[in-house]
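Structure first, then comments.
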Amino acid sequence: MIKSLEELQKLKEEQLEAIRLREAEQKVRIVVGMGTCGIAAGAREVMAAILDELGKRHLTSVAVTQTGCVGLCAQEPLVDVILPGKPRVTYGKVDANKARQIVAQHVVNGIVISEWVVNRGEA
Amino acid sequence: MEELALHLLDLLENALAAGARHILITIEEDAERDRLTVTVQDDGRGMGAEALPKALDPFYTTRTTRKVGLGLSLFQATAVQCGGTLSLESCPGQGTRVVATMKLSHPDLPPLGDMGATIATALSREEPVEIVYRHRRGMREFQFSSAWLQLHLGEIPLNCGPVLDWVQRYINKGLAELYGGDAK
């Protein structure tokens with residue numbers, strides 16, 4: 001338990017540093033569909049994989065949020081990636097493995113993985 | 001739903017959609033009375049007397065994207081199948097309380113599952129929410145409070161990957177200790 005708290009303290013220091021660094025720049029946002037349809041399709045495992053990947057890469061400037069059912073239940077789990085100044089990209093039928101690749105390719109390198117995209121927002 | 005934690009996430013999503021600011025989750029395992037009690041209490045907008053009886057009907061929903069709302073009815077089906085019940089109390093403006101009971105020894109009882117991931121997921125949002133999770137097992141108890149975490153973190157938002165990843169591991173480690181280190 002004590003070790004966990006030390007870890008939390010370390011995390012806090014890293015975070016504060018990151019906040020200072022990004023004053024000017026905007027946040028990347030990742031949104032996971034978390035309606036009953038999403039949850040039943042495995043959205044929580046997708047979320048856990050994204051959190052794990054962000055944690056491993058120390059990507060503190062990424063906001064992770066969730067949304068309810070958007071009416072695309074057959075394509076769940078759905079993951080939106082919104083890079084600052086770019087339109088929303090929605091990935092469908094995401095699993096833990098795909099989620100990790102989305103973080104690595106899209107969030108880190110800025111390369112959209114077109115074959116998994118089911119929808120794009122207005123430019 | 002394959003885990004109790006997934007049903008719980010579904011209830012948490014309902015509470016968040018109802019605009020809850022504070023959510024209290026309690027899980028009580030009483031081996032002596034062979035009873036598992038799961039409670040989710042929120043301070044969201046609640047439901048009136050007309051909506052309350054319909055909330056357990058899978059073909060009732062306030063959502064407009066489609067005509068079915070399965071969350072509560074799925075959890076009710078699980079509770080009933082495991083020799084228990086699901087009850088709802090709600091008042092407009094005062095929040096909602098969902099209580100599900102199950103037989104602890106029932107062979108169909110789903111495993112608790114990844115509670116850490118469930119809580120971390122519920123905390124992944126822009127609007128602040130306070131979640132308290134208490135898990136009692138006989139005489140022992142594990143507790144997690146997001147307010148306590150926020151106090152430690154200060155100005156850092158909870159919904160950043162590394163923090164939520166920590167939350168997930170912290171809760172699962174706490175539960176593993178509660179279960180004597182042999183379960184998830």
Side-chain angles (χ1 to χ4, degrees), chain A residues 1 3-5 7-20 22 27-74 96 103 107, chain B residues 1-3 5-14 16-17 58 61 63-66 68-75 113-127 148-149 152-174 177:
Chain A
M1 206 60 98
K3 198 163 176 233
S4 275
L5 283 176
E7 205 187 328
L8 184 65
Q9 189 60 35
K10 215 178 116 221
L11 210 85
K12 181 181 172 178
E13 280 154 22
E14 277 177 20
Q15 289 292 98
L16 284 172
E17 183 59 30
I19 286 176
R20 259 175 248 125
R22 67 155 187 269
K27 265 196 171 185
V28 177
R29 285 179 58 218
I30 302 178
V31 185
V32 183
M34 218 38 89
T36 304
C37 46
I39 295 171
R44 198 199 53 190
E45 279 60 44
V46 167
M47 175 67 93
I50 291 171
L51 297 180
D52 182 52
E53 202 62 30
L54 294 175
K56 275 186 193 149
R57 292 166 183 271
H58 300 272
L59 292 175
T60 47
S61 62
V62 179
V64 188
T65 55
Q66 51 181 308
T67 184
C69 171
V70 292
L72 261 177
C73 310
V103 171
V107 177
Chain B
M1 302 280 176
E2 287 162 16
E3 304 173 3
L6 288 173
H7 280 301
L8 265 160
L9 178 56
D10 213 2
L11 296 190
L12 293 175
E13 293 296 325
N14 286 347
L16 294 172
T61 178
R63 167 189 37 239
T64 51
T65 48
R66 57 182 157 76
V68 287
L70 293 172
L72 272 172
S73 39
L74 281 175
F75 195 18
D114 196 339
M115 275 307 290
T118 283
I119 306 281
T121 301
L123 287 172
S124 64
R125 58 207 311 275
E126 306 282 354
E127 307 80 16
W148 162 83
L149 177 62
H152 271 272
L153 288 174
E155 60 197 284
I156 296 164
L158 289 184
N159 74 324
C160 101
V163 170
L164 292 176
D165 185 43
W166 181 89
V167 168
Q168 184 185 350
R169 282 181 290 119
Y170 178 82
I171 290 173
N172 285 337
K173 201 170 142 239
E177 278 166 18

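To find a chain, count down the sequence lines: A is the first, B the second, and so on, and within it residues start at 1.
Within a 6.0 Å sphere centred on NZ of K56(A), heavy atoms belonging to other residues, nucleotides or ligands number more than 12.
Distance check, rounded to the nearest 0.5 Å: CG of D114(B) to CD of E45(A) gives 7.0 Å. Taking CG from L153(B) and CD from Q9(A), the interatomic distance works out to 9.0 Å, rounded to the nearest 0.5 Å. To the nearest 0.5 Å, the span separating CD on E7(A) from CZ on R169(B) amounts to 4.5 Å. For the atom pair E126(B) CD and K27(A) NZ, the distance stands at 7.0 Å (nearest 0.5 Å).
Within the 4.5 angstrom heavy-atom criterion, no atom of A17(B) approaches chain A. Of the atoms belonging to E127(B), not a single heavy atom falls under 4.5 Å from chain A. Only the backbone of L59(A) comes within contact range of chain B, with heavy atoms under 4.5 Å apart. Looking at R57(A), neither its backbone nor its side chain comes within 4.5 Å of chain B, counting heavy atoms on both sides. In this structure, no portion of V167(B) lies under 4.5 Å from any heavy atom of chain A. If you measure heavy-atom distances from L74(B) to chain A, the contacts under 4.5 Å come from the side chain alone.
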CA sep, side-chain torsions, deciding dist, call: Q66(A), L16(B), side-chain contact (heavy atoms from CB on, under 4.5 Å) = CA-CA 10 Å; Q66(A) 51 181 308; L16(B) 294 172; 3.9 Å; yes
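The shortest side-chain heavy-atom distance between L54(A) and L164(B) does not fall under the 4.5 Å cut-off. Side-chain contact between T36(A) and E13(B): absent, with no pair of heavy atoms (C-beta onward) separated by less than 4.5 Å.
When R44(A), M47(A), E53(A) are compared by the number of non-hydrogen pairs under 4.5 Å with chain B, R44(A) comes out ahead. Of all the listed residues (T67(A), V64(A), I30(A), L11(A)), the one sharing the greatest number of non-hydrogen pairs under 4.5 Å with chain B is V64(A).
Of all non-hydrogen atoms in S4(A) and W166(B), the two that sit nearest each other are O-NE1, 3.2 Å.
Shown are T60(A), L51(A), D52(A), V62(A); of these, the side-chain contact (heavy atoms from CB on, under 4.5 Å) with P162(B) is made only by T60(A).
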